[in-house]
Amino acid sequence: MEDCVFCKIVDGKIPSNKVFENDEILAFKDINPAAPIHILVIPKKHIKSINEIENKDEDLIGKIFAVIRDIAKEQGFADEGYRVISNCGINGGQEVPHLHFHIIGGKKLGDKIV
Ligand code: AMP
Ligand code: ZN
(Lines give C-alpha, C1' and ligand atoms only; values in the text may rest on other atoms or scores of the structure.)
(Ligands and ions follow the chains in the order given, each with its own letter.)
Protein backbone atom coordinates (compact mmCIF):
# COMPACT_ATOMS: atom_id res chain seq x y z
CA MET A 1 0.00 0.00 0.00
CA GLU A 2 1.48 3.26 -1.17
CA ASP A 3 0.72 5.47 1.79
CA CYS A 4 1.27 2.92 4.53
CA VAL A 5 4.27 3.66 6.76
CA PHE A 6 4.80 -0.01 7.62
CA CYS A 7 4.63 -1.07 3.94
CA LYS A 8 7.30 1.57 3.33
CA ILE A 9 9.42 0.00 6.08
CA VAL A 10 8.91 -3.44 4.45
CA ASP A 11 9.98 -1.97 1.10
CA GLY A 12 13.04 -0.28 2.66
CA LYS A 13 11.77 3.21 1.77
CA ILE A 14 11.73 4.13 5.47
CA PRO A 15 14.60 2.87 7.66
CA SER A 16 13.93 0.67 10.67
CA ASN A 17 15.89 -1.02 13.39
CA LYS A 18 15.24 -4.63 12.39
CA VAL A 19 15.09 -7.41 14.94
CA PHE A 20 13.91 -10.26 12.67
CA GLU A 21 13.00 -10.74 9.04
CA ASN A 22 11.90 -13.57 6.79
CA ASP A 23 9.90 -13.65 3.56
CA GLU A 24 6.56 -13.09 5.32
CA ILE A 25 7.27 -11.33 8.61
CA LEU A 26 9.29 -8.34 9.83
CA ALA A 27 10.05 -7.27 13.39
CA PHE A 28 11.60 -3.91 14.26
CA LYS A 29 12.04 -1.63 17.24
CA ASP A 30 9.25 0.86 17.92
CA ILE A 31 10.44 4.39 17.17
CA ASN A 32 8.76 5.70 20.35
CA PRO A 33 9.26 2.94 22.92
CA ALA A 34 6.75 2.67 25.75
CA ALA A 35 9.09 0.41 27.78
CA PRO A 36 12.74 -0.75 27.69
CA ILE A 37 11.70 -3.48 25.24
CA HIS A 38 9.24 -2.38 22.56
CA ILE A 39 9.28 -4.34 19.31
CA LEU A 40 6.68 -4.39 16.55
CA VAL A 41 6.00 -7.59 14.62
CA ILE A 42 4.16 -7.26 11.31
CA PRO A 43 3.14 -9.35 8.34
CA LYS A 44 4.91 -8.06 5.23
CA LYS A 45 1.68 -8.15 3.30
CA HIS A 46 -0.69 -5.29 4.01
CA ILE A 47 -3.49 -6.38 6.34
CA LYS A 48 -5.19 -3.34 7.86
CA SER A 49 -6.05 -4.72 11.29
CA ILE A 50 -7.33 -7.80 13.10
CA ASN A 51 -10.69 -7.12 11.42
CA GLU A 52 -9.20 -7.73 7.98
CA ILE A 53 -7.47 -11.04 8.82
CA GLU A 54 -8.84 -13.68 6.44
CA ASN A 55 -9.16 -17.38 7.22
CA LYS A 56 -6.40 -18.08 4.69
CA ASP A 57 -4.08 -15.94 6.85
CA GLU A 58 -4.31 -18.29 9.83
CA ASP A 59 -0.91 -19.89 9.12
CA LEU A 60 0.67 -16.44 8.83
CA ILE A 61 -0.81 -15.31 12.15
CA GLY A 62 0.42 -18.50 13.79
CA LYS A 63 3.88 -17.86 12.38
CA ILE A 64 3.83 -14.31 13.76
CA PHE A 65 3.29 -15.72 17.26
CA ALA A 66 6.10 -18.23 16.72
CA VAL A 67 8.34 -15.28 15.77
CA ILE A 68 7.25 -13.43 18.92
CA ARG A 69 8.12 -16.50 20.99
CA ASP A 70 11.53 -16.83 19.34
CA ILE A 71 12.39 -13.13 19.69
CA ALA A 72 11.57 -13.28 23.40
CA LYS A 73 13.73 -16.36 23.83
CA GLU A 74 16.65 -15.15 21.71
CA GLN A 75 16.70 -11.68 23.26
CA GLY A 76 16.56 -13.21 26.73
CA PHE A 77 13.31 -11.82 28.11
CA ALA A 78 11.04 -14.85 27.65
CA ASP A 79 11.32 -16.03 31.24
CA GLU A 80 10.83 -12.63 32.87
CA GLY A 81 7.71 -12.12 30.76
CA TYR A 82 6.28 -9.48 28.48
CA ARG A 83 3.02 -8.30 26.95
CA VAL A 84 1.72 -8.58 23.37
CA ILE A 85 -0.83 -6.00 22.19
CA SER A 86 -2.59 -5.40 18.89
CA ASN A 87 -4.65 -2.23 18.81
CA CYS A 88 -7.62 -2.41 16.44
CA GLY A 89 -9.52 0.53 15.01
CA ILE A 90 -10.60 3.76 16.62
CA ASN A 91 -11.58 2.49 20.06
CA GLY A 92 -8.46 0.34 20.15
CA GLY A 93 -6.32 3.41 19.48
CA GLN A 94 -4.75 2.03 16.31
CA GLU A 95 -2.60 4.73 14.71
CA VAL A 96 -0.92 2.78 11.93
CA PRO A 97 -3.45 0.90 9.75
CA HIS A 98 -1.19 -2.11 9.05
CA LEU A 99 -1.64 -5.07 11.38
CA HIS A 100 1.07 -5.14 14.04
CA PHE A 101 1.76 -6.77 17.36
CA HIS A 102 3.56 -4.78 20.04
CA ILE A 103 5.96 -6.80 22.22
CA ILE A 104 6.41 -4.75 25.37
CA GLY A 105 8.63 -5.66 28.29
CA GLY A 106 11.85 -5.06 30.12
CA LYS A 107 10.07 -3.83 33.25
CA LYS A 108 7.10 -4.82 35.41
CA LEU A 109 4.11 -3.52 33.47
CA GLY A 110 1.00 -2.03 35.04
CA ASP A 111 -1.69 -4.37 36.36
CA LYS A 112 -4.48 -2.75 34.33
CA ILE A 113 -5.08 -3.37 30.65
CA VAL A 114 -6.94 -0.06 30.29
P1 AMP B 1 -0.62 1.67 17.12
O2 AMP B 1 -1.08 2.83 17.95
O3 AMP B 1 -0.93 0.36 17.73
O4 AMP B 1 -1.06 1.80 15.70
O5 AMP B 1 0.96 1.75 17.16
C6 AMP B 1 1.75 2.25 16.14
C7 AMP B 1 3.17 2.23 16.65
O8 AMP B 1 4.02 2.41 15.55
C9 AMP B 1 3.49 3.32 17.67
O10 AMP B 1 3.96 2.70 18.88
C11 AMP B 1 4.59 4.13 16.97
O12 AMP B 1 5.58 4.59 17.86
C13 AMP B 1 5.14 3.14 15.97
N14 AMP B 1 5.74 3.71 14.79
C15 AMP B 1 5.21 4.63 13.96
N16 AMP B 1 6.06 4.91 12.95
C17 AMP B 1 7.15 4.13 13.15
C18 AMP B 1 8.39 3.95 12.46
N19 AMP B 1 8.68 4.63 11.34
N20 AMP B 1 9.29 3.07 12.95
C21 AMP B 1 9.02 2.38 14.08
N22 AMP B 1 7.88 2.49 14.77
C23 AMP B 1 6.97 3.36 14.32
ZN1 ZN C 1 0.84 -1.55 4.96
Side-chain angles (χ1 to χ4, degrees):
M1 264 212 123
E2 270 177 25
D3 275 342
C4 173
V5 61
F6 287 176
C7 282
K8 286 182 181 163
I9 286 176
V10 169
D11 291 343
K13 291 174 187 153
I14 294 178
S16 67
N17 196 337
K18 288 180 191 174
V19 173
F20 171 86
E21 180 170 23
N22 68 15
D23 55 337
E24 292 181 294
I25 297 163
L26 179 66
F28 52 95
K29 293 195 177 168
D30 195 292
I31 205 167
N32 185 21
I37 294 164
H38 191 165
I39 296 165
L40 301 174
V41 186
I42 70 170
K44 285 191 170 179
K45 81 164 183 172
H46 185 86
I47 299 172
K48 188 176 168 197
S49 77
I50 292 172
N51 285 341
E52 284 73 29
I53 294 172
E54 298 181 57
N55 289 348
K56 67 178 165 61
D57 298 321
E58 62 185 19
D59 276 0
L60 174 61
I61 302 304
K63 288 177 191 171
I64 286 175
F65 275 89
V67 166
I68 291 170
R69 175 202 63 204
D70 289 347
I71 288 172
K73 204 170 178 183
E74 282 159 19
Q75 301 225 349
F77 59 87
D79 289 345
E80 67 191 34
Y82 52 95
R83 191 170 286 167
V84 177
I85 296 171
S86 186
N87 298 319
C88 180
I90 292 185
N91 280 2
Q94 184 178 4
E95 288 175 7
V96 177
H98 181 130
L99 180 66
H100 54 281
F101 296 87
H102 298 254
I103 308 175
I104 297 166
K107 68 172 187 180
K108 179 79 176 79
L109 300 169
D111 293 335
K112 306 282 186 200
I113 290 174
V114 291

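Remember, it's 1-based here, ligands and their atoms both numbered in the order they're listed.
We find the CD1-CG distance between Ile9 and Asn17 to be 10.5 Å, quoted to the nearest 0.5 Å. For the atom pair OH of Tyr82 and CD1 of Ile37, the computed distance is 10.5 Å after rounding to the nearest 0.5 Å. Residue Asp70 holds its CG atom at 13.5 Å from NZ of Lys63, rounded to the nearest 0.5 Å. Here the straight-line distance linking atom CG of Leu26 with atom CZ of Phe20 works out to 9.0 Å at 0.5 Å rounding. The distance from the NE2 atom of His98 to the CD1 atom of Ile42 is 4.0 Å, given to the nearest 0.5 Å. For the atom pair NE2 (His100) and CD1 (Ile50), the distance works out to 9.5 Å, reported to the nearest 0.5 Å.
You'll find the side chain of Ile103 stays beyond 4.5 Å of the side chain of Val19, heavy atoms only.
Set against the non-hydrogen atoms of Ile9, the atoms of ligand 1 under 4.0 Å away are 18 (C), 19 (N), 20 (N). Short contacts between ligand 1 and Lys29, defined as distances under 4.0 Å to a heavy atom of the residue, involve ligand atoms 21 (C). Below 4.0 Å from some heavy atom of His102 lie the following atoms of ligand 1, by number and element: 1 (P), 3 (O), 5 (O), 7 (C), 10 (O). Ligand 1 places these atoms under 4.0 Å from at least one heavy atom of Leu40: 8 (O), 13 (C), 22 (N). Using a 4.0 Å cut-off to heavy atoms of Gly93, the atoms of ligand 1 that qualify are 2 (O). Taking every heavy atom of Asn32 and a limit of under 4.0 angstrom, the matching atoms of ligand 1 come to 12 (O). If you number the atoms of ligand 1 from 1 as listed, the ones under 4.0 Å from a heavy atom of Gln94 come out as 4 (O). Atoms of ligand 1 lying under 4.0 Å from any heavy atom of Asn87, numbered from 1 in the order shown and given with element: 1 (P), 2 (O), 3 (O).
For Phe101, no heavy-atom contact with ligand 1 is shorter than 4.0 Å.
Annotation: atom 4 (O) of ligand 1 to nearest protein heavy atom, Glu95 N, 2.7 Å. At the top of the distance list for atom 5 (O) of ligand 1, counting protein heavy atoms only, stands His100 NE2, 3.2 Å.
In plain terms, the two heavy atoms of Gly106 and Pro36 that are nearest each other are O-CG, 3.6 Å. A pairwise comparison of heavy atoms in Leu40 and His102 identifies CD2-ND1, 3.3 Å as the closest pair. Closest approach of Cys7 and His46 over heavy atoms only: SG-ND1, 3.5 Å.
Angle SG(Cys4) to the Zn ion (ligand 2) to SG(Cys7), rounded to 10°: 120°.
Of the options Ile14, Asp30, Ile31, the smallest heavy-atom separation from atom 10 (O) of ligand 1 is shown by Asp30.
His98 has its closest N, O or S atom to the Zn ion (ligand 2) at the position named ND1. Closest to the Zn ion (ligand 2) among the N, O or S atoms of His46 is ND1.
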